[in-house]
Amino acid sequence: MEYKFRDIEKKWQQWWKEKNIYKVENASSKPKCYVLDMFPYPSGAGLHVGHPLGYIASDIFARFKRLKGFNVLHPMGYDAFGLPAEQYAIEHGIHPAVSTENNINIFRKQLDNIGFCFDWSREVRTCDPKYYKWTQWIFLQIFDSWFNRKIQKAQRISQLMKIFGETGNLQHEFPNEKFELPSGKTQFTAEEWKSFDERLKQEILMQYRLAYLAYTDVNWCEALGTVLANDEVINGLSYRGGFPVVKKKMRQWSLRITEYADRLLKGLEEIDFSESMKDIQTNWIGKSSGAEILFRIQAPTQSSPEGKESQRTEPRYRTAQTSLYHFTKILAEEKRKNPTHEEMLMWQRLKNNQTGFHIRRQHIIGAYMVDFACLDKLATIEIDGAYHNEPEIRKYDEARTKFLEENGFTELRYSNKMVRADIEKVISDIISKLSSLPSVPKKSESSKVFPSGGDLEGASFRVYTTRPDTIFGVDFMVLAPEHELVKQITAPPHSEEIEKYLLYVQGRSEVERMAEVKKITGCFTGAYAIHPFNKKRIPVWVSEYVLVGYGTGAIMGVPCGDERDHKFAKHFNIPITNIIGDYYNGEEANPTKDAVLQNSDFLDGMVMRDAIEVAIDKMEELKVGERKVNYKMRDAGWSRQRYWGEPFPVIFRDDIPYAMDEKDLPLELPPLNDFRSAGTGEGPLANAKDWVQISEHEKRDTNTMPTHAGAAWYFLRYMDPHNDKIFAEKKNLDYWGQVDVYIGGSEHAVAHLLYSRLWVKILNDLGYVDFDEPFRKLINQGKITGDSRFVYRIRNKNMFVSFGLKDQYETDPLHVDVNIVDGLELEIDAFRNWKPDFADAEFILENGKYICGSAIEKMSKSYFNVINPDTVVEKYGADTFRMYEMFLGPLEASKPWDIKGIEGVHRFLKKFWRLYVGEEKGLIVTNEPATNEELKILHQAIKKIQEDTERFSFNTCVSAFMIATNVLTDLKCHTRSILEPLLILLAPYAPHIAEELYQQLRSSKVLPLGEDLGGASSVVDATYPQFEEKYVKESSKTYPVAINGKTRTELTIALDATQQQVEELVLANDVVKKWMEGKPPKKVIYVKNRMVNVVV
RNA sequence: GCCCAGAUGGCGGAAUUGGUAGACGCGCUGGACUCAAAAUCCAGUGGUAGCAAUACUGUGCAGGUUCGAUUCCUGUUCUGGGCACCA
């Protein structure tokens, strides 16, 4: 009987399905094992041979564990929300739900073809309302939580409110250091808390919530009217269309993951992730410790910005008419303390540069006071209340408008009603109007307003440094271009240059800004900072290599100790102070901590390492700085301006977000046909007006959650996938617990893996799950790359030249479908039929053949190098495919797909088959007793395969199967007691052939299955064979014998030989004697079971 | 740029703690079976020299530690990955 793999595989796949072989129960006396693949996104392109690599590995492991007596949870489902489906909908008008469903069906068919043991009764899809109901529910739990730093745990908001009612926030400072109350304070007492109105209370609580709203940057493309993902932006231009992209602030949800930075770091110590994965996460979190130092700004003088110090204490800012200054100033201060409700609302949104513009409130211009002013853009913003409607006031208003116009101001007006109804619209209108205004006319004499020098009374900024010991080596300061002080402190002679520079930086990505170290850019602001200790004047620069989001957005430049600072100083000819003596050679910076400090005032003579603490202590003593732990990680942006994601389960009542009632979940996506964004920066949901606007005072969020949301907890849902009372029953969560083995690509290193770790930690804090880390062990499978083929077209001709001759012509390489290339030789007829353009193509051949070029690249449709697993399975069978994918190399390594080697694996399975089944006779297994040699082969295989499977070294397992099969074939072994255990060993790898042979053995009357292996109804539930040492034990070993480390001969020596016996035996050997050339042996090294070495 | 991983025959790879480098498979060469082919089987296969025994050489490159290094250390070159909205 032939090995008819196609029939066999179809038959058993069907049988497994009918018998529900892969259904897993939540209750079992067996130990549990949870084997999980990373959630796949069902893309329209379907699976290529690279995708199943991890699935095959996890499938083998799951089957292996089941044979070993575990209750194994091995589920599969779909991360079905996401951008590609939405983009497809925009381009083809097909609803994401429809294309996603189609894609899932294709995906499923491809998976089924490979014979995986998934329990499909547990399938989940993130886009299913029954699923995302619980995604929303968990989001609400996060929204209803805050992080108590004292106990390093999340607690309910009600707990926080109770604390506020008792002690205010004196025990729990605002997590966001920049936040301040309308009074300008950052602390409040219990009494004050009680006196706050609802709006302020909610605003304060928002500062603590683990899911919170704030203004954060997006990539905004005005021309496309949409927000773009980072990888849709290239060199500051949109990927589609090449339109300019700028950073824009939008009010969005964030998760306060920064509060968990320390716990996420600590958790890494107890989980089994690869070192590189831990490194990536550690870097991402980016914990460092050092000091935050306060630098005061010295205001530049108008007349001589670079000149000598001015002692002026009066503010330089002179928009106010001098005679009225004091009067209006008092008035302004008065008004600031008693803002109207709407003014306060606005101020919460406008302050602290949230809009990207520096806006002041109750500002005096001339003799007039405006509600808000953006002086960089010469714009004022008025909130028009009833107050302004009185005739007298109106007259005043008109005079003011006239005055402002004459002085080049643009006035923006909004009614109180508008502010109350839709503040978002007002804010986004302000942003867009301000964006369209030119920045302050630089040399306008008519204007009484100068863009700089103002408000500098007490102006200061903070820098974060890990090297406070180098404080006396500071030669310059650098602010991030986005730093809020930049425009304020820039002196007029420099403002044009700065403006230009800021424009340049706006179009640069962070990676570009960090990466290009050779290209040094920057711009002097004209301002000086004052050294906190020696009061030296330090020039303040702006440069793109400082990022606003990291630390304080400002650094102190220490050229002798930091290479980047050094290059900067050299490039701009800034004099360099040497504080490390000989350690600095004048050519390059030296980041040492071992130097003895010089030129460093009170730190002189100290080793840098020790000076760090001394410097910080002194700073704290003088109140110019403080000890500080810093994290590179920022809070996670959780809003997407997209349709195809989970809607936020919140309702805005008068712009204050409130959690939806749990019983109203899920909040389903409204039906929509047009998925283009609203053009205002809002997502497509803004077009569903009825859905968004619930009532006059109630609105929904038009954003949706990122795909990370559904994927942050799906592994919990598999434990109880159909529960409609809770996301998963506690007893199931307790039984299955952590994922024991998680297999997937390293591309998820920071996003998915950090967010799911975060969600589990929060659920753990809130008492829903008992574990703190979701994944006990993580394995990153490598990628299978494609092997592309190229043809070379002669420019402007429909003529193609073979690879070896292409250099004689001017050619362009074109990707050619790998399916019409045999090795490197192009099938010319197939090529002509491939595309109409090539029907008349002519060829220049070498040796009568057209030879293609080749390259290893990502497997991608656009490279025509995609191999569909279906075609491989059709030709060789699923078992061959599974084993070949494993045989290609180590699971974690990336490797190119090469179909050639698959023949060898296929041949192995045929050879394996022939151990059991004769060509004509059918089953040829006998009950002969096994020989010692056969038993040795079997038990060597059991040991090797068991150990290697446990450590995910599947490629060496395949080799081991081949070796065993080769030797047993040579021995003509057909013994049941050898072949039956061997079959079970193979079952995880090649389940179909194993099931077929197992069932043949079972149904054979003369050959009842061995009781010790379970005699189960399916090979899936057989018992894994037990390794027995006695069969592989040997009494002697053939040792390599080396003289001076070079192997010269072999000797068989008894394993229990003593050192002395070995020495005698070895020295008596002729070959050894020859190589010793009569010299006496210095030493004989004998390592038992390894080797012998004679040193002469 | 920063961080990480990797480099072994013509190819994919093996060598688990420093102990016979190249297991296993592909490819290639020769042979058996066959009218022929496919399939299957047998033998050989890192390089150089040699009929052979054997010798020398060999794990990206340059050094070092060691009786002994693919493995450990230092430096270096190249390749791949990550660096915050693809998933």
J.: Would you find a donor on one side and an acceptor on the other, under 3.5 Å apart, between the side chain of A/Thr126 and the backbone of A/Ala80?
T.: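 It does hold such a pair.
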
J.: A/Asn955 side chain N/O closer than 4.0 Å to the phosphate oxygens (OP1, OP2) of B/C24?
T.: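 No.
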
J.: Please say whether more than 12 non-hydrogen atoms of neighbouring residues, nucleotides or ligands are located less than 6.0 Å from NZ in A/Lys943.
T.: no

J.: What I want to check is whether an N or O donor and acceptor connect the side chain of A/Asn283 with the base of B/C3 at under 3.5 Å.
T.: no

J.: Please determine whether a side-chain nitrogen or oxygen atom of A/Asn966 lies at a distance below 4.0 Å from atom OP1 or OP2 of B/G25.
T.: yes

J.: With sugar-phosphate meaning primed atoms plus P, OP1 and OP2, does A/Lys1046 contact a base, only sugar-phosphate, or nothing at under 4.0 Å between heavy atoms?
T.: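 Contact class for A/Lys1046: sugar-phosphate only.
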
J.: Rounded to whole angstrom units, what separation is found between the CD1 atom of A/Ile280 and the P atom of B/C3?
T.: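 Rounding to the nearest Å, CD1 of A/Ile280 and P of B/C3 are 14 Å apart.
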
J.: Indicate, with a heavy-atom threshold strictly under 4.0 Å, whether A/Ser639 touches base, sugar-phosphate, or nothing.
T.: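 Touches a base.
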
J.: What nucleic acid atoms does A/Glu892 come within less than 4.0 Å of, heavy atoms only: base, sugar-phosphate, or nothing?
T.: nothing

J.: With heavy atoms under 4.0 Å as the rule, sort A/Ser953 into base, sugar-phosphate or nothing.
T.: nothing

J.: Under 4.0 Å from OP1 or OP2 of B/C41: is there any side-chain N or O of A/Arg914 that close?
T.: yes

J.: Categorize A/Pro890 for me: base, sugar-phosphate, or nothing, with a 4.0 angstrom heavy-atom threshold over every strand shown.
T.: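 Since only primed, P, OP1 and OP2 atoms lie under 4.0 Å of A/Pro890, the category is sugar-phosphate.
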
J.: Over all strands shown, is A/Ile963 touching base, sugar-phosphate only, or nothing at heavy-atom distances under 4.0 angstrom?
T.: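 Counting heavy atoms under 4.0 Å across all strands, the contact made by A/Ile963 is with sugar-phosphate only.
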
J.: Need one value for A/Lys900: base, sugar-phosphate or nothing, where a base atom within 4.0 Å counts as base even if backbone is also close, heavy atoms only.
T.: sugar-phosphate

J.: Once you round it to whole Å, what is the distance between P of B/C2 and CH2 of A/Trp284?
T.: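 Checked: the CH2 to P distance equals 19 Å.
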
J.: Considering the options A/Tyr884, A/Phe5, A/Phe881, A/Trp913, which one meets the ring-ring contact (aromatic ring centres under 6.0 Å, His included) requirement together with A/His906?
T.: A/Phe5

J.: With no hydrogens and no angle check, is any side-chain donor or acceptor of A/Arg757 less than 3.5 Å from a backbone partner on A/Leu264?
T.: yes

J.: Tell me what A/Phe887 touches on the nucleic acid: a base, only sugar-phosphate, or nothing, going by heavy atoms under 4.0 Å.
T.: base

J.: Looking at every strand, decide which applies to A/Glu2 at a 4.0 Å heavy-atom threshold: base, sugar-phosphate, or nothing.
T.: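 The answer is nothing, as A/Glu2 stays clear of every strand by at least 4.0 Å.
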
J.: Does A/Lys944 make a side-chain donor-acceptor contact with the base of B/U16, cut-off 3.5 Å?
T.: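 Present.
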
J.: Rounded to the nearest angstrom, tell me the gap between atom CG in A/Asn1093 and atom C1' in B/G68.
T.: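 For the pair A/Asn1093 CG and B/G68 C1', the rounded distance is 6 Å.
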
J.: Using the glycosidic torsion, which applies to B/G9: syn (within 90° of 0) or anti (everything else)?
T.: syn

J.: Could you tell me whether the phosphate oxygens of B/C56, OP1 or OP2, come under 4.0 Å of any side-chain nitrogen or oxygen in A/Arg1048?
T.: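 It does, given that an N or O in the side chain of A/Arg1048 lies less than 4.0 Å from OP1 or OP2 of B/C56.
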
J.: Using whole Å, report how far CZ of A/Phe908 lies from P of B/A39.
T.: 19 Å

J.: With A/Tyr755 as reference, evaluate A/Trp638, A/Trp284, A/Trp713 under the ring-ring contact (aromatic ring centres under 6.0 Å, His included) test and give the passing residue.
T.: A/Trp638

J.: Rounded to the nearest Å, what distance is computed from the CZ atom of residue A/Arg907 to the P atom of nucleotide B/A39?
T.: 7 Å

J.: Under 4.0 Å between any heavy atoms, over every strand shown, what does A/Trp1075 touch: base, sugar-phosphate, or nothing? Just pick one.
T.: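 The answer is sugar-phosphate, as A/Trp1075 gets under 4.0 Å only of primed atoms, P, OP1 or OP2.
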
J.: Which part of the nucleic acid, if any, lies within contact of A/Met633, taking any heavy atom under 4.0 Å across all strands shown: a base, the sugar-phosphate backbone alone, or nothing?
T.: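 Base: the residue A/Met633, judged by heavy atoms under 4.0 Å, touches a nucleobase.
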
